[in-house]
Amino acid sequence: MLDARFVRENPEKVREALKKRNMELDLAPFARIEEERLSIVRRLDDLRERRNKVNLEISELKKRKSGGEAAGLIEEMKGVSAEIKELEERHRELDREARDFLLALPNIPDESVPVGKDEAENVEVRRWGEPPKFDFQPLNHWDLGEMHGIMDFERASKIAGARFALMKGAGAKLERALMNFMLDLNTSRGYVEVFPPILVNRDSMIGTGQIPKFEGEYFRVADPELYLVPTAEVPVTNIHRQEIIEEEKLPIRYTAYTPCFRREAGSYGKDTRGLIRQHQFNKVEMVKFTRPEDSYAELEKLTGDAEEILRRLALPYRVMALCTGDLGFSSARTYDLEVWLPGQDRYREISSCSNFEDFQARRADIRFRRTGKKGTEFVHTLNGSGLAIGRTVVAILENYQQKDGGVVIPDALRPYMGIERIG
RNA sequence: GGAGAGGUGGCCGAGUCGGUCGAAGGCAGCCGCCUGCUAAGCGGUUGUGGGGGUAACACCUCACCCAGGGUUCGAAUCCCUGCCUCUCCGCCA
């Protein structure tokens with residue numbers, strides 16, 4: 001969420017930012033709402049000040065048993081109170097409208113973000129590793145998966161439906177091995193492991209920016225109203241919702257494994273086969289809370305931490321700086337990590353690392369207090385996948401496949417798998 | 001699921017028959033003073049958000065005693081609803 005005052009005073013900047021995101025939005029309604037709202041705030045304050053003073057007088061009079069004088073004042077205050085009540089009602093409405101408007105506004109991209117229309121204009125920052133050369137036609141991960149009996153999509157759809165997977169044997173173990181490998185690596189470099197609730201309330205979803213704008217993209221439980229997390233970002237960032245953190249505690253860094261659930265509405269034709277796009281997938285996430293002046297340095301580190309996982313697994317990847325048109329709703333700047341997939345002969349997203357600056361902090365009301373200073377400021381929040389596990393399974397199967405269809409287990413995973421190859 | 005208790009400032013905790021309560025008192029913190037040091041002692045001070053004001057402070061004002069409604073001239077204090085916590089019983093992984 002953007003600051004109401006900032007939007008009021010800098011409509012040009014907001015409009016410009018929205019334009020870079022391919023959005024047109026008329027800010028005039030917001031200006032009108034705020035103008036009326038603030039004039040009501042001022043009137044309300046005056047009336048309440050008067051009421052407070054007169055009430056004190058009434059109290060004094062009553063104490064001195066001058067009931068007669070008090071009666072007149074009470075009569076007068078009836079009118080004042082009625083007016084206050086009316087104004088309060090109107091203010092509630094306007095406040096709600098202003099907030100709804102702000103909640104629907106995306107973050108302002110950082111100036112360093114390349115301006116572009118869509119993903120085609122994302123900028124490659126660097127590349128690591130060489131895509132493997134095969135002297136045979138490499139298979140898709142779903143063919144490999146079925147060949148080795150470690151994935152069963154037919155039965156998964158019987159159990160749950162399309163876009164679900166049933167992992168078996170070495171496949172199931174690979175998921176578990178990756179989860180542990182990633183968590184171990186992340187905790188070894190200072191991230192605190194957490195295992196949060198996977199159903200969250202509406203306030204949490206609003207806090208990180210999933211709602212209200214993208215209501216339809218998430219699974220919701222009706223009674224009580226809860227949401228299946230689309231990413232650990234939601235519960236983990238909300239750990240500190242409505243808190244004031246002491247400066248010396250920052251930066252706070254968490255890592256968490258959770259399953260993730262997404263409706264994938266609107267992606268009907270896409271990635272219908274295999275593990276790439278599922279309603280449920282595993283992911284290890286990294287989340288940071290920092291001081292504003294540190295957040296961009298921390299974004300670089302965060303991205304580096306995610307890359308390190310791919311390097312340990314010796315999976316070739318590239319780092320993309322998302323352009324303004326492809327940037328997520330809450331993000332001010334994002335790097336996507338794309339891993340090479342031989343089965344698709346292209347790079348595919350496997351991690352997304354973002355700096356949200358104070359956008360989520362303002363929604364979720366997460367502040368900090370500078371040592372020795374009065375007042376509070378919003379923290380900056382960041383998060384990144386480290387990594388999406390389903391897609392890592394895809395990458396390993398496809399990159400490590402052999403001519404006979406066998407799959408070699410990367411060195412880093414062998415202690416976790418207990419075997420050197422599948423098949 | 002059944003029965004009961006409760007939600008007050010960083011923490012503990014008081015709030016009488018609704019009125020002068022942003023809220024006593026204690027602890028912790030900060031600033032002074034004082035005492036070789038430490039401890040003790042003395043005085044002062046310490047919440048958040050909005051609006052106005054200032055070059056910036058200062059300052060003025062409103063709101064906030066779990067949340068949202070209501071009663072009233074006036075509510076932390078009364079009423080309703082919701083949420084959460086705790087205890088006991090039942091049930092269950």
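Every chain is numbered from 1 and lettered A, B, ... according to where its sequence line falls, protein lines coming before strand lines.
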- RNA chain B contacts made by residues 3-13 of chain A, counting heavy atoms under 4.0 Å: Arg5(A), Arg8(A)

- Item | Euclidean distance, Ile309(A) CD1 relative to Met286(A) CE, rounded to 0.5 Å | 5.0 Å

- Walking RNA chain B from its 5' end, the first of Glu75(A) and Gly375(A) to be reached, judged by nearest nucleotide, is Gly375(A)

- Item | Reference residue Tyr191(A); test side chain to side chain donor-acceptor pair (under 3.5 Å); the match among Asn186(A), Asp305(A), Thr255(A) | Asp305(A)

- Query: Are Glu97(A) and Arg92(A) ion-paired here, with the side-chain N under 4.0 Å from a carboxylate O?
  - Reply: no

- Provide the closest heavy-atom pair for Asn201(A) versus Arg241(A) in the form atom of the first, atom of the second, distance. OD1-NH2, 3.5 Å

- Note on the structure: note: Ile84(A), atom CD1; rG70(B), atom P; distance rounded to Å ~ 14 Å

- Among the candidates rU48(B), rG70(B), rC73(B), find the nucleotide nearest to the side-chain atoms of Ile74(A). rC73(B)

- Query: Looking only at atom C1', what distance separates rU16(B) and rA75(B), rounded to whole Å?
  - Reply: 15 Å

- Tell me which nucleotide among rG47(B), rC73(B), rG51(B) gets nearest to the side chain of Arg369(A). rG47(B)

- Item | Nearest-angstrom distance, C1' atom, rA24(B) to rG15(B) | 8 Å

- Message: Run the ring pair (Phe, Tyr, Trp, His ring centres under 6.0 Å) test against Phe289(A) and tell me which residues pass, sequence neighbours left out.
- Response: His240(A)

Within the sub-3.5 Å range, which N or O atoms of nucleotides 61-64 of chain B have a protein N or O partner, and how far apart are they?
from    : atom 1 : to       : atom 2 : distance (Å)
rC62(B) : OP1    : Asn52(A) : ND2    : 3.2
rC62(B) : O2'    : Asp45(A) : OD1    : 3.1
rC62(B) : O2'    : Arg48(A) : NE     : 3.2
rC62(B) : O2'    : Arg48(A) : NH2    : 3.3

- Euclidean distance for P, rC86(B) against rC31(B) (whole angstrom): 38 Å

- Assigned partner base of rC34(B), Watson-Crick or wobble definition, under 3.5 Å: none

- Could you give the distance separating rU77(B) and rG7(B) at their C1' atoms, to the nearest angstrom? 15 Å

- Task: Would you indicate which nucleotide in rG51(B), rG49(B), rC73(B) comes nearest to any side-chain atom of Asn55(A)?
- Result: rC73(B)

- Message: Between P on rG50(B) and CD on Glu35(A), what's the gap in Å once rounded to a whole number?
- Response: 20 Å

- Between Arg37(A) and Leu94(A), is there a donor-acceptor pair closer than 3.5 Å when you use the side chain of the first and the backbone of the second? no

- Item | Short side-chain N/O contact from Arg92(A) to OP1 or OP2 of rG69(B), under 4.0 Å | yes

- Item | Atom C1', compared across rA76(B) and rG6(B): separation rounded to whole Å | 15 Å

- P spacing across the pair rU48(B) / rC57(B), given as an integer number of angstrom: 15 Å

- Task: Could you check which nucleotide pairs with rG22(B) in any of the strands shown, counting Watson-Crick or G-U wobble with both distances under 3.5 Å?
- Result: none

- Message: Would you measure the distance from the P atom in rG43(B) across to the matching atom in rC34(B) and give it in whole Å?
- Response: 15 Å

- Note on the structure: Test side chain to side chain donor-acceptor pair (under 3.5 Å), reference Ser352(A), set Asp336(A), Thr231(A), Thr303(A), output is Asp336(A)

- What is the distance from CD of Glu225(A) to P of rG82(B), rounded to the nearest Å? 16 Å

- Look at the side chain of Arg367(A) and decide which nucleotide, out of rG47(B), rG70(B), rG49(B), has an atom nearest to it. rG49(B)

- Query: Under 4.0 Å between a side-chain N or O of Ser81(A) and OP1 or OP2 of rG74(B)?
  - Reply: yes

